[in-house]
Amino acid sequence: MKRNAKTQIGVSCSIFVKIIVMKEFKNYINCYLDTIEKIDKKKYQDKFPWVNDKLFNEQWQFWLGNKLIDVDGNVIKRSNKQKLIFLDVDGVLNHSISTDAIDAKCLENLREIVKQTNSLIILISSWKSGWNKNKKEQFDSDANYLDERLKEVGLSIFDKSSRNAYPRCFEVADWLVRFNTNKYVVLDDDWGNYGNTPIKEKLIRCDYYDRGLTKELSLGAIKLLNT
């Protein structure tokens, strides 16, 4: 009985945490999309009371540092139709019966998506920790390996998500605002990163136990990007 009670409590806590995360994500993305003329700290915090001064200041610095706003808080408007592929690695470019850390068939399927859509690759995988856009000399062994395998099929990473946010939908949201585009797909094997957010509609859910990024999934990604 005690074990069952603890299990029930654990499940309830997990559901509660997911609800809170989803609420915060919706506030986060809506703030980006709705506040297009002026970011006002007081109005922002009145609307989103869960954002304390520390969180607001961190977010403000992120916006400012990535030129999403000017020094007065005015949102820098963009009109960009660039297509983006948000790429996870494990479970996407490899799978349970892969003989290599990057599977050749999965890699070819990724190449076909890029070829058919002219998309840029944004790395959101944990592999990004050792990858630096303009500092190849700082690559770790995984980053070097990934870079070389991509080059074999004529691909390259444009950039990576700039922070380690959980859930991962926050990282994707930052890039969507930066590029002001809705032409994107997310290649990931973990649907829990996206909950019921609008981003989930763009998720191509790969399966580590079912060949990762398959031909069928790549065709679905191409259709989403070209629609």
Side-chain angles (χ1 to χ4, degrees), residues 21 25 28-29 32 58-59 61-68 80 82-96 98 100-104 106-111 113-114 117-181 183-195 197 199-200 202-208 212-213 217-218 221 224-225:
V21 167
F25 174 82
Y28 179 92
I29 193 83
Y32 267 134
E58 288 176 354
Q59 189 61 56
Q61 291 302 318
F62 180 82
W63 281 330
L64 189 62
N66 286 283
K67 299 182 179 179
L68 301 178
N80 194 329
Q82 176 62 56
K83 300 173 184 178
L84 303 175
I85 297 170
F86 294 96
L87 178 67
D88 185 24
V89 175
D90 293 318
V92 178
L93 295 184
N94 57 41
H95 50 80
S96 59
S98 297
D100 294 315
I102 302 294
D103 183 83
C106 295
L107 196 57
E108 179 59 29
N109 291 332
L110 176 62
R111 187 196 72 83
I113 298 173
V114 174
T117 64
N118 194 31
S119 298
L120 298 177
I121 296 174
I122 309 298
L123 188 63
I124 58 174
S125 168
S126 59
W127 287 50
K128 70 183 181 181
S129 62
W131 188 94
N132 290 283
K133 183 173 183 177
N134 299 313
K135 298 179 180 179
K136 187 171 174 59
E137 69 277 5
Q138 296 182 9
F139 278 19
D140 65 14
S141 58
D142 286 341
N144 271 314
Y145 176 71
L146 176 60
D147 198 53
E148 292 303 317
R149 291 303 306 274
L150 289 171
K151 283 183 179 178
E152 290 174 11
V153 293
L155 299 179
S156 62
I157 297 168
F158 175 73
D159 210 338
K160 66 178 180 179
S161 51
S162 58
R163 52 181 175 163
N164 293 307
Y166 184 81
R168 197 173 276 167
C169 55
F170 288 103
E171 299 180 34
V172 175
D174 285 334
W175 269 94
L176 296 182
V177 174
R178 189 181 307 186
F179 271 79
N180 190 25
T181 181
K183 294 290 186 179
Y184 69 96
V185 294
V186 180
L187 305 180
D188 202 336
D189 66 331
D190 186 356
W191 64 271
N193 276 304
Y194 309 99
T197 69
I199 293 173
K200 189 176 181 180
K202 304 283 190 173
L203 174 64
I204 301 296
R205 187 184 177 188
C206 303
D207 190 339
Y208 177 75
L213 180 59
L217 291 175
S218 68
L224 271 177
L225 287 164

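A distance of 8.5 Å separates CD1 of Ile113 from OG of Ser119, quoted to the nearest 0.5 Å. Rounding to the nearest 0.5 angstrom, the gap separating the OG1 atom in Thr117 from the CD1 atom in Ile85 is 5.0 Å. Here NZ of Lys151 is found 4.5 Å from CG of Asp147. Values are rounded to the nearest 0.5 Å. The distance from the CG atom of Leu93 to the CD1 atom of Ile102 is 5.0 Å, given to the nearest 0.5 Å. Annotation: the span from Lys83 atom NZ to Asn118 atom CG amounts to 7.5 Å, rounded to 0.5 Å. Rounding to the nearest 0.5 Å places CG of Leu203 at 9.0 Å from CG of Asn193.
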Criterion side-chain contact (heavy atoms from CB on, under 4.5 Å) on Val172 and Lys202, from CA distance to verdict: CA-CA 11 Å; Val172 175; Lys202 304 283 190 173; over 6 Å; no
Test log, rule side-chain contact (heavy atoms from CB on, under 4.5 Å), inputs Tyr208 and Asn94: CA-CA 7 Å; Tyr208 177 75; Asn94 57 41; 4.0 Å; yes
Residue pair Asp88, Arg168: steps toward the salt bridge (Lys or Arg N to Asp or Glu O under 4.0 Å) verdict: CA-CA 10 Å; Asp88 185 24; Arg168 197 173 276 167; 3.6 Å; yes
Derivation and outcome, side-chain contact (heavy atoms from CB on, under 4.5 Å), residues Leu107 and Leu150: CA-CA 7 Å; Leu107 196 57; Leu150 289 171; 3.7 Å; yes
Intermediate values then yes/no, side-chain contact (heavy atoms from CB on, under 4.5 Å), Ile124 and Val186: CA-CA 9 Å; Ile124 58 174; Val186 180; 4.1 Å; yes
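For the pair Ile204 and Leu224, the tightest heavy-atom approach, listed with the atom from each and the gap, is CD1-CD1, 3.9 Å. The two residues Ser161 and Lys128 come nearest to each other via the heavy atoms OG-NZ, 2.7 Å. The two residues Cys206 and Leu217 make their nearest non-hydrogen contact at CA-CD1, 3.9 Å. For the pair Gly212 and His95, the tightest heavy-atom approach, listed with the atom from each and the gap, is N-CB, 3.6 Å.
Using cut-offs of 30° and 60° on the angle between ring planes, the pair Phe158 and Trp175 is perpendicular.
Across Ile121, Leu87, Asn132, a single residue satisfies side-chain contact (heavy atoms from CB on, under 4.5 Å) together with Lys160, and that is Asn132.
Under the 4.5 Å side-chain criterion, counting only non-hydrogen atoms from C-beta, Trp127 is not in contact with Ile157.
At distances below 3.5 Å, at least one donor-acceptor pair connects side-chain atoms of Asn109 with backbone N or O atoms of Leu213.
Asp142 and Trp131 form no side-chain donor-acceptor contact under 3.5 Å, judged by distance and modelled atom types alone.
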